[in-house]
Every structure is written in C-alpha cells, then in structure tokens.
Amino acid sequence: MSDSKKNAPKRRFEEFSNANDWEQRKLGGLMNITSVKRIHQSDWTDKGVRFLRARDIVSASKGKNPSEYLYISKKLYDEHSKISGKVGVGDLLVTGVGSIGIPMLIKHEEPLYFKDGNIIWFQNKKNIDGGFFYYSFNSHSIQKFIRDSAGIGTVGTYTIDSGGKTPIYLPNKKEQQRIGTFFKQLDNTIALHQRKLEKIKALKTAYLSEMFPAEGELKPRRRFAGFTDDWEQRKLMSVFEFPVSTNSLSRSQLNYDNGEIKSVHYGDILVNYDSILEIAKDRIPFITNGVIDKYKPNLLENGDLIFADAAEDETVGKAVEVDGKTNEYIVAGLHTIVARPRRKMAKFFWGYYINSSIYHNQLLRLMQGTKVASISKSNLQKTCIAYPDNFAEQQKLGNFFKQLDNTITLHQRKLKKLQNIKKAYLNEMFI
C-alpha cells in the first residue's frame with residue numbers, strides 16, 4: 001500500500017497510487033432506495049421465507065445468531081414481492097431504527113423479506129461492488145453522516161430520504177473490488193480468531209463442570225493422574241471466616257492516578273474480572289492517601305474471596321480470588337462479602353471452584369428478589385463446598401485453569417488488535 005495526497009484516501013494499494021481521484025456521488029443518484037410492503041406480526045410463521053428485523057441485522061454484524069428466527073409464508077412473499085420487488089445479490093439492507101446505520105450485504109439469491117420502516121433497502125444491483133459498498137457503510141465518513149442526519153435530542157432514525165442524500169466516494173470498479181476483497185479477508189481472519197476464542201472458552205466451561213465433583217459426589221469426573229482420594233465436603237462457613245467489613249467511600253476519596261490501596265466495588269467483580277483479581281491497573285481506583293489509615297484494619301489478603309451478593313441477572317454470587325501485592329485492596333460500597341480461608345490453600349483453587357457451575361448452581365436456588373437478585377451472607381455460609389485435602393491436587397487445578405485463562409487473554413488481545421487494525425484501515429482506506 002502507499003499513501004496518497006490526492007482526492008483519495010490516506011492509504012491506497014500501490015497499483016492504484018496513480019489512478020484517478022475518487023468521485024463523490026449521492027447514493028440516491030446511483031440507485032433506488034426504498035423499503036417494502038408492510039408485514040403484520042400476525043403474518044409471521046415458523047417456516048417459509050426468512051423475515052428480518054433491524055435487531056437481526058445488528059446481531060449478524062456482531063457475528064451472532066438472532067434471538068429468534070422469523071418467517072413469512074412463500075405465498076405472502078410472492079404476493080408482496082410483485083409489488084415491492086425482490087432483494088438481490090449486491091443490495092444493502094441498513095438499519096433505520098435503534099442501532100442505526102448497520103449494513104447487511106446480500107450475498108445469496110435465497111428469498112428474503114424484511115420489516116418496512118425499520119430497514120432501508122439500497123437496490124444496488126451491482127452498480128457498486130458489493131464488498132466495497134458494505135465496508136463504505138462502516139467507514140467513518142458515512143457513519144458520521146448517518147449520525148448527523150439522525151437529529152439531535154430525538155430518537156435517532158435513518159430514513160429513505162437520508163439514505164438518498166448519503167454521500168459516497170467511488171474509485172474505479174477494480175479498486176472497489178480490491179478494497180472489498182481486502183476487508184473480507186481481514187474479516188475472515190477476525191472470525192477465525194473469534195472462533196478460536198469461543199472454542200477455548202467452551203473448553204474451560206466444560207472443564208469447570210468436570211474437574212470439580214458434582215453436588216453430592218466425592219470425586220470429580222475428570223482428574224489428574226495420581227490422585228484418587230475422596231474430596232472433603234464441608235459447609236462454607238466451616239472452611240471460611242468473614243473478618244472484613246465493607247467500607248463506605250465517597251467519590252472525593254477515590255482517584256485513578258496514584259495511591260497505595262485500591263478500592264474494589266462489586267461492579268468490578270461482575271464486569272472487570274473473571275475469577276482472579278490481579279494486575280488491576282487503571283480499572284480499580286486508589287484511595288486518596290489522606291484517608292488510608294482509617295481503612296487499614298480492613299485490608300484484604302491474598303487468597304480472600306470477594307463475592308458480589310447482588311446483580312440484575314444470574315451472575316449474583318460471582319466471586320474473585322485476591323492475588324495482588326500484599327495489603328493492596330479493600331472493598332467499598334454495598335453488595336460485597338469477603339470470605340477468608342481458615343487454612344492455607346493453593347493459589348487460584350477457590351477462585352475457579354467458586355465460579356464453577358457446580359458450586360454456583362447452589363446460589364441460584366438461594367437467590368432472593370426479582371428485579372435485583374441477591375444472596376445473604378447467612379445463606380452463603382450454609383452452602384456446601386468440596387475440595388481435595390491434597391495440596392498438590394489443589395495446586396494442579398488452580399494452575400491448570402489459570403493457564404487456560406492466560407490463553408484466553410492472549411487470544412482476546414490478538415482479536416482486539418485485529419479489530420483495531422480493521423478500524424484504522426476503515427478510517428484510512430475510505431474518504
């Protein structure tokens with residue numbers, strides 16, 4: 001690739017570095033932009049011709065399946081298509097409500113219908129290379145136009161009229177195809193890394209359900225060689241004590257710049273960390289130095305478990321095991337419970353055991369509340385836990401899952417890097 005100083009993108013493939021400038025056009029002057037004849041909810045069926053809503057296009061853009069697949073009858077499709085026409089290869093469907101401006105490129109000839117008003121139909125008919133057209137809609141300039149035209153202070157909508165006024169810069173057809181192919185290959189690489197990541201995550205989930213004993217059982221289904229003894233079964237309160245109080249801190253007592261002690265909030269447990277609280281960096285704020293002495297009696301120790309005792313979903317009861325610098329953390333605010341092992345256990349064992357479905361399913365039966373679910377300390381203390389008395393087995397389990405997490409983190413970083421590269425290219429390879 002080479003940089004270009006002409007009326008063209010900042011970054012351009014070498015073979016087109018001396019090609020003509022790109023031409024600015026309005027999409028309404030290049031193709032028909034429309035919608036379709038209305039379909040009522042009563043016309044939806046469970047088989048037939050696929051029926052798309054805006055939310056389905058948003059899901060597809062994230063590589064996810066829709067929450068449910070909707071269809072209309074072939075007979076109704078044929079009747080309506082005689083009036084509205086049929087979506088064709090190279091056409092673009094773009095969301096007009098909700099998350100506006102999300103495109104879907106039509107790649108196949110299969111019959112398809114969609115919700116009128118919610119989706120804008122660009123009848124490209126291959127006037128523009130389909131791949132180039134699709135990625136143009138993901139570029140900064142078109143997305144900015146869509147945001148600007150959606151209005152301020154209202155629920156944003158992208159309309160047929162706005163679609164016709166949408167500007168696009170076009171190179172010759174060969175350069176369009178080259179750019180479309182480049183981004184398609186980049187998307188394929190991103191999808192490959194996404195699948196690898198999901199596969200490792202699924203593997204971890206499976207191991208968490210197999211390498212700890214099922215409720216009421218004394219041995220796990222899958223075990224490291226050389227370990228055969230039954231696991232110990234106890235009430236949580238006999239294995240853990242609860243010596244640390246929750247601290248109340250105002251925003252003025254916190255900062256993200258410097259300090260000696262960090263203040264963990266229950267939201268950090270639910271959102272920022274999986275099973276181990278480590279290398280907090282800038283995710284968790286420091287306590288302002290002037291108030292440190294007041295909270296030193298409640299400093300956490302490595303090996304402590306911090307439970308989030310409330311959540312809006314089934315993540316209630318999620319916990320992290322502390323593994324940081326000595327005396328680095330306290331907990332602050334409501335909805336946290338700190339449990340400290342009464343005897344030394346191998347690093348990471350409790351962090352992964354407590355977050356396994358085998359243990360967590362107990363908590364789900366004890367949840368209270370409707371909109372916000374919670375679990376009380378007394379109920380938490382009564383739950384049953386299991387552990388191997390052999391320190392070496394604890395250690396192998398903790399290290400095994402920690403290494404899996406490290407692999408997951410590595411793949412997440414690779415995926416994020418590729419996504420950032422794509423974002424940068426979208427900004428530089430389109431005008």
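Count residues from 1 along the sequence. Heavy-atom basis, side chains included; hydrogens, waters and symmetry copies ignored. Just so it is clear, the structure is predicted and the values come from calculations on it, not from any experiment.
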Original post:
Does Glu23 reach the main-chain N or O of Leu170 with its side chain, forming a donor-acceptor pair under 3.5 Å?
Top reply: no

Original post:
Do you know which two heavy atoms are closest between Ala310 and Val372, and how far apart they sit?
Top reply: CB-CG1, 4.2 Å

**OP:** For residues Leu208 and Ile358, report the shortest heavy-atom separation together with the two atoms involved.
**Re:** O-CD1, 4.0 Å

Original post:
Any donor-acceptor pair under 3.5 Å linking the side chain of Glu312 with the backbone of Ala373?
Top reply: no

Original post:
What is the ring orientation for Phe13 with Phe182, classed by angle as parallel under 30°, tilted 30 to 60°, or perpendicular over 60°?
Top reply: perpendicular

**OP:** Indicate the ring-plane relationship of Phe132 and Phe430, choosing parallel, tilted or perpendicular according to the 30° and 60° boundaries.
**Re:** tilted

Original post:
Using the ring of each side chain (for Trp, its six-membered ring), is Phe137 parallel, tilted or perpendicular to Phe133, with breaks at 30° and 60°?
Top reply: perpendicular

**OP:** Pick out which of Arg195, Gln194, Lys196 makes a side chain to side chain donor-acceptor pair (under 3.5 Å) with Glu198.
**Re:** Gln194

Subject >> Over 12 non-hydrogen atoms of neighbours within 6.0 angstrom of CD in Glu79 >> reply: yes

Original post:
Would you call Lys126-Asp91 a salt bridge at under 4.0 Å N-O?
Top reply: no

Subject >> More than 12 heavy atoms of other groups within 6.0 Å of Lys396 NZ >> reply: no

**OP:** Decide, yes or no, whether a salt bridge links Glu110 with Arg50 under the criterion of side-chain N to carboxylate O below 4.0 Å.
**Re:** no

Subject >> Any Ile168 side-chain heavy atom under 4.5 Å of Gln24 side chain >> reply: no

Original post:
Hey, does the side chain of Thr336 reach the backbone of Ala332 with a donor-acceptor pair shorter than 3.5 angstrom?
Top reply: no

Original post:
Roughly how far, to the nearest 0.5 Å, is the CG atom of Asp148 from the NZ atom of Lys144?
Top reply: 4.0 Å

**OP:** Identify the two heavy atoms, one from Gly303 and one from Pro341, that lie closest to each other, and give their separation to 0.1 Å.
**Re:** O-CD, 3.5 Å

Original post:
Okay, side chain of Asp268, backbone of Asn272: is any donor-acceptor separation there less than 3.5 Å?
Top reply: no

Original post:
Yes or no on side chain to side chain contact (heavy atoms under 4.5 Å, CB included) for Asp309 and Leu380, after CA distance, side-chain angles and deciding distance?
Top reply: CA-CA 9 Å; Asp309 67 8; Leu380 183 68; over 6 Å; no

Original post:
Ion pair present between Lys86 and Glu109, side-chain N to carboxylate O less than 4.0 angstrom?
Top reply: no

Subject >> Electrostatic pair Asp78:Lys82 at N-O distance under 4.0 angstrom >> reply: no

Subject >> Side chains of Ile39 and Leu76 in contact at under 4.5 Å (non-hydrogen atoms) >> reply: yes

Original post:
Can a salt bridge be assigned to the pair Lys423 and Glu428 using a cut-off of 4.0 Å between side-chain N and carboxylate O?
Top reply: no

Original post:
Given Phe240, which of Trp350, Tyr387, Phe307 fulfils the ring pair (Phe, Tyr, Trp, His ring centres under 6.0 Å) condition?
Top reply: Trp350

**OP:** Taking Tyr158 for its side chain and Val94 for its backbone only, find out whether a donor-acceptor pair lies under 3.5 Å.
**Re:** no

**OP:** Tell me, with the steps shown, if Glu215 and Arg365 meet salt bridge (Lys or Arg N to Asp or Glu O under 4.0 Å).
**Re:** CA-CA 13 Å; Glu215 193 172 351; Arg365 298 196 297 266; 2.8 Å; yes

Original post:
Are the side chain of Asp56 and the backbone of Arg53 linked by a donor-acceptor contact shorter than 3.5 Å?
Top reply: yes

**OP:** Give the intermediate values and the outcome of side-chain hydrogen bond (donor to acceptor under 3.5 Å, both in side chains) for residues Asp313 and Thr315.
**Re:** CA-CA 6 Å; Asp313 55 25; Thr315 57; 2.4 Å; yes

Subject >> Heavy-atom closest contact (Glu314 atom, His360 atom, distance) >> reply: O-NE2, 2.9 Å

Original post:
Can you check whether Thr159's main-chain N or O pairs, donor with acceptor, with Thr157's side chain at less than 3.5 Å?
Top reply: no

**OP:** Test side chain to side chain contact (heavy atoms under 4.5 Å, CB included) on Trp22 and Asn7 and set out the steps.
**Re:** CA-CA 6 Å; Trp22 289 24; Asn7 186 23; 5.8 Å; no

Subject >> Donor-acceptor contact present, side-chain Ser139 to main-chain Leu426, <3.5 Å >> reply: no

Original post:
Which of these, Tyr352, Tyr207, Phe401, Phe400, sits in a ring pair (Phe, Tyr, Trp, His ring centres under 6.0 Å) with Phe212?
Top reply: Phe401

**OP:** Just do the side chain to side chain contact (heavy atoms under 4.5 Å, CB included) check on Leu70 and Asp46 with the steps written out, would you?
**Re:** CA-CA 6 Å; Leu70 299 177; Asp46 56 4; over 6 Å; no

Original post:
Heavy-atom distance under 4.5 Å between the side chains of Met104 and Tyr134, does that happen here?
Top reply: no

Subject >> Other residues, nucleotides, ligands: >12 heavy atoms within 6.0 Å of Arg25 CZ >> reply: yes

**OP:** Applying side chain to side chain contact (heavy atoms under 4.5 Å, CB included), run through Ile33 and Met31 and close with a yes or a no.
**Re:** CA-CA 6 Å; Ile33 301 167; Met31 63 191 69; 4.2 Å; yes

Subject >> Thr166 side, atom OG1; Gln143 side, atom CD - distance, nearest 0.5 Å >> reply: 10.0 Å

Original post:
Is the closest basic N to carboxylate O distance between Glu210 and Arg222 below 4.0 Å?
Top reply: yes

Subject >> Ionic contact status for Lys204 with Asp274, cut-off 4.0 Å >> reply: yes

Original post:
If you measure from CG on Asn188 to NE2 on His193, what distance do you get to the nearest 0.5 Å?
Top reply: 11.5 Å

Original post:
Got a salt bridge between Lys402 and Glu321, using NZ or NE/NH1/NH2 to carboxylate O under 4.0 Å?
Top reply: no

**OP:** Could you check Thr383 against Tyr359 for side-chain hydrogen bond (donor to acceptor under 3.5 Å, both in side chains), going step by step and ending with a plain yes or no?
**Re:** CA-CA 9 Å; Thr383 56; Tyr359 174 76; 2.8 Å; yes

**OP:** Indicate yes or no for a side-chain donor-acceptor contact from Thr95 to the backbone of Gly101 under 3.5 Å, with no hydrogens or angles considered.
**Re:** yes

Subject >> Salt bridge present between Lys173 and Asp129 (N-O < 4.0 angstrom) >> reply: no

Original post:
Got a salt bridge between Glu301 and Arg340, using NZ or NE/NH1/NH2 to carboxylate O under 4.0 Å?
Top reply: yes

Subject >> SB check Lys37 Asp116 (cutoff 4.0 Å) >> reply: no

Subject >> Nearest heavy atoms of Tyr113 and Ser84, plus distance in Å >> reply: OH-OG, 3.8 Å

Original post:
Between atom CG of Leu277 and atom CG of Leu300, what is the distance when rounded to the nearest 0.5 Å?
Top reply: 8.5 Å

Original post:
Roughly how far, to the nearest 0.5 Å, is CG of Leu236 from NZ of Lys377?
Top reply: 11.5 Å

Original post:
For Gln403, does its backbone N or O pair with a side-chain atom of Thr407 as donor and acceptor, under 3.5 Å?
Top reply: yes

Original post:
Closest approach of Val322 and Tyr329, non-hydrogen atoms and distance?
Top reply: CG1-CD1, 3.7 Å

Original post:
With side chains defined as the heavy atoms from C-beta onward, is the minimum distance between Thr205 and Lys201 less than 4.5 Å?
Top reply: no

Original post:
Between Tyr135 and Asp187, does a side-chain hydrogen bond (donor to acceptor under 3.5 Å, both in side chains) hold up when you go through it step by step?
Top reply: CA-CA 11 Å; Tyr135 290 108; Asp187 267 353; 2.6 Å; yes

